[in-house]
Trainee: 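Dropping a structure here in structure tokens format, bear with me for questions.
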There are 2 protein chains.
Amino acid sequence: MSQGGTLMLPEHNDSLLELCRPVRRILARVGDKWSVMIVMALKGGPRRFNDIKRAIGTISQRMLTLTLKSMERDGSVKRTVYPTKPPRVDYELTALGHSLREPVERLSLWAIEHEAAITKAQSRFDALDPQG
Amino acid sequence: MSQGGTLMLPEHNDSLLELCRPVRRILARVGDKWSVMIVMALKGGPRRFNDIKRAIGTISQRMLTLTLKSMERDGSVKRTVYPTKPPRVDYELTALGHSLREPVERLSLWAIEHEAAITKAQSRFDALDPQG
DNA sequence: CTGCATCCAGCGCGATACTG
DNA sequence: CAGTATCGCGCTGGATGCAG
């Protein structure tokens with residue numbers, strides 16, 4: 001679905017807020033500190049653990065492991081172990097993971113487009129409301 | 001921008017990950033526990049503080065205040081005080097706030113569409129990996 | 001190379017009580 | 001009705017060390 005034009009969410013009644021729970025669950029995943037970076041890093045195809053780690057640069061090993069595992073649990077990342085020596089583990093987006101890319105990139109574009117406006121609004125706000 | 005078809009984010013090189021920082025900042029906002037629910041609640045027009053609170057139902061007064069304030073700071077919510085007695089305060093989405101609705105709803109639709117698949121993937125994963 | 005366990009600091013957020 | 005202040009718990013996430 002989500003064909004061409006209009007979006008089909010209901011108006012602001014309370015049943016809408018019921019819908020928000022799964023949405024929130026997902027957004028919490030996507031909005032956590034690293035998921036989006038990982039989606040981006042895996043955009044071009046399979047990558048190895050330390051390759052991803054280097055690409056992101058500032059992520060700790062712990063958080064990379066944890067985030068990858070929860071994304072694997074969600075079914076958006078596939079983990080493949082090659083029993084070589086030393087071991088090699090590849091991660092890649094599943095179909096579900098790739099389908100997530102589009103809305104995520106849309107939100108990313110929004111963020112990039114409006115970053116300046118937001119920063120400016122914040123400065124203005126902080127000027128009027130010194131440490132409020 | 002974000003005209004019709006394809007998205008224009010760069011491929012998975014490292015400069016992309018630079019872009020991720022502002023994106024992450026925004027997603028952290030959007031992905032926090034309440035922002036989306038508030039965007040949804042304000043979708044139809046201005047609402048009063050306790051009206052929003054009732055609509056969401058489970059939000060604490062503290063978090064509603066804090067989230068509204070940070071959204072106001074971001075420039076996505078406008079706060080209007082009517083000096084009546086008792087006081088009345090309306091909150092509404094600004095143009096920026098409304099522009100956020102579209103990508104947020106897109107992600108919401110994704111979440112709704114794929115919730116079942118995700119839940120199923122999680123069950124399957126948990127079955128294979130008992131409390132791992 | 002990959003990835004788990006442990007320890008620990010910080011803050012997100014809810015509960016509660018109080019003000020104009 | 002709208003908003004602030006305080007307290008406390010639990011989770012997030014970084015650092016470090018160990019193991020296959």
Side-chain angles (χ1 to χ4, degrees), chain A residues 20-21 24-25 27-38 41-42 46-74 77-92 125 128-132, chain B residues 20-21 24-38 41-42 46-74 77-92 125-126 128-132:
Chain A
C20 277
R21 260 179 264 142
R24 259 283 313 147
R25 243 180 74 241
L27 285 185
R29 285 242 50 72
V30 167
D32 77 1
K33 201 169 179 182
W34 302 110
S35 294
V36 168
M37 313 252 314
I38 290 179
L42 293 182
R47 292 181 95 168
R48 305 184 54 172
F49 185 90
N50 275 341
D51 185 20
I52 303 170
K53 184 169 189 316
R54 266 188 308 275
I56 296 181
T58 61
I59 192 174
S60 67
Q61 185 196 39
R62 177 175 188 268
M63 290 318 296
L64 184 54
T65 302
L66 287 179
T67 309
L68 282 171
K69 187 181 292 188
S70 73
M71 292 177 76
E72 188 195 357
R73 189 175 104 99
D74 292 343
V77 160
K78 172 143 180 283
R79 180 174 179 272
T80 310
V81 181
Y82 300 96
T84 60
K85 216 174 116 177
R88 163 188 178 148
V89 184
D90 274 14
Y91 294 90
E92 63 188 313
F125 187 92
L128 296 182
D129 181 19
Q131 58 281 15
Chain B
C20 277
R21 255 177 267 144
R24 261 280 316 143
R25 244 181 70 241
I26 308 290
L27 285 185
R29 286 243 49 72
V30 167
D32 77 0
K33 201 168 179 184
W34 301 111
S35 294
V36 168
M37 312 256 305
I38 290 179
L42 294 182
R47 293 181 95 166
R48 305 184 53 171
F49 185 89
N50 276 341
D51 185 18
I52 302 169
K53 185 169 187 317
R54 268 188 306 274
I56 295 182
T58 61
I59 191 173
S60 66
Q61 187 195 36
R62 178 175 187 268
M63 288 319 295
L64 184 54
T65 302
L66 287 180
T67 308
L68 282 171
K69 188 180 290 187
S70 72
M71 292 177 75
E72 188 194 358
R73 189 175 105 98
D74 292 343
V77 160
K78 171 142 181 282
R79 179 175 180 271
T80 310
V81 181
Y82 301 96
T84 58
K85 217 173 116 177
R88 161 186 180 149
V89 182
D90 274 13
Y91 293 90
E92 64 188 312
F125 187 92
D126 295 345
L128 296 183
D129 180 21
Q131 61 277 15

Trainee: Report the distance from atom CD1 of B:Ile59 to atom C1' of C:dG12, rounded to the nearest whole Å.
Mentor: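 Between C1' of C:dG12 and CD1 of B:Ile59: 13 Å.
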Trainee: Less than 4.5 Å apart, any side-chain heavy atom of B:Leu66 and any of B:Met63?
Mentor: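 Heavy-atom side-chain distance check passes, below 4.5 Å.
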Trainee: Just wondering, do A:Leu64 and A:Ile52 contact through their side chains at under 4.5 Å, heavy atoms?
Mentor: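 Side-chain contact under 4.5 Å: yes.
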Trainee: What I want to find out is whether A:Arg47 reaches A:Asp90 closely enough, with some N-O distance under 4.0 Å, to be called a salt bridge.
Mentor: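 A salt bridge is absent here (no side-chain N lies under 4.0 Å from a carboxylate O).
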Trainee: Under the salt bridge (charged side-chain N to carboxylate O under 4.0 Å, His left out) test, which residues partner A:Arg25, sequence neighbours left out?
Mentor: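 Salt bridge (charged side-chain N to carboxylate O under 4.0 Å, His left out) check on A:Arg25 returns B:Glu115.
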Trainee: In whole Å, I'd like the distance from the CZ atom of A:Arg47 to the C1' atom of C:dC1.
Mentor: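 Rounded to whole Å, this separation is 16 Å.
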Trainee: Specify the separation, in whole Å, of atom NZ of A:Lys33 and atom P of C:dC11.
Mentor: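 About 11 Å, once rounded to whole Å.
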Trainee: Rounded to whole angstrom units, what separation is found between the CG atom of A:Leu64 and the C1' atom of D:dA15?
Mentor: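 Going from A:Leu64 (CG) to D:dA15 (C1'), I get 16 Å.
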Trainee: State, yes or no, whether a side-chain contact exists between A:Arg88 and A:Arg48 at a heavy-atom distance under 4.5 Å.
Mentor: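 Side-chain contact under 4.5 Å: yes.
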Trainee: Do B:Glu72 and B:Asp74 make a side-chain contact, defined as non-hydrogen atoms from C-beta onward lying under 4.5 Å apart?
Mentor: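 Of all side-chain heavy-atom pairs linking B:Asp74 with B:Glu72, none is under 4.5 Å.
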Trainee: Enumerate the protein-to-nucleotides 6-8 of chain D contacts in which both atoms are nitrogen or oxygen and the separation is below 3.5 Å.
Mentor:
none

Trainee: Could you go over nucleotides 1-3 of chain D and give all protein N or O partners under 3.5 Å, atom names and distances?
Mentor:
unit_1, atom_1, unit_2, atom_2, d
D:dC1, O3', B:Arg48, NH2, 3.1
D:dA2, OP1, B:Arg48, NE, 3.1
D:dA2, OP1, B:Arg48, NH2, 3.3
D:dA2, OP2, B:Asn50, N, 2.8
D:dA2, OP2, B:Asn50, ND2, 3.2
D:dG3, OP1, B:Arg79, NE, 2.9
D:dG3, OP1, B:Arg79, NH2, 2.3
D:dG3, OP1, B:Tyr91, OH, 3.2
D:dG3, OP2, B:Tyr91, OH, 2.8
D:dG3, N7, B:Gln61, NE2, 2.3
D:dG3, O6, B:Gln61, OE1, 3.3
D:dG3, O6, B:Gln61, NE2, 3.3

Trainee: Take atom CG of B:Asp32 and atom P of C:dC11, then tell me their distance rounded to the nearest Å.
Mentor: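 About 16 Å, once rounded to whole Å.
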Trainee: Rounded to the Å, how far apart are A:Leu66 CG and C:dA5 P?
Mentor: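 In whole Å, C:dA5 P lies 10 Å from A:Leu66 CG.
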Trainee: Just how far, in rounded Å, is C1' of D:dG13 from CH2 of A:Trp34?
Mentor: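 Distance, rounded to whole Å: 9 Å.
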Trainee: So, do A:Met37 and A:Ile59 sit near enough that their side-chain heavy atoms are less than 4.5 Å apart?
Mentor: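 No, every pair of side-chain atoms sits at 4.5 Å or beyond.
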Trainee: Do the charged groups of B:Lys53 and B:Asp51 touch, with an N to O distance under 4.0 Å?
Mentor: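 Salt bridge absent between B:Lys53 and B:Asp51.
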Trainee: Which is true for B:Lys85 with a 4.0 Å heavy-atom rule: it touches a base, it touches only sugar-phosphate, or it touches nothing?
Mentor: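 No contact.
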Trainee: Answer yes or no for A:Arg73 and B:Phe125: cation-pi contact, defined as NZ/CZ to six-membered ring centre under 6.0 Å and angle to ring axis within 45°.
Mentor: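 Cation-pi check for A:Arg73 and B:Phe125: fails.
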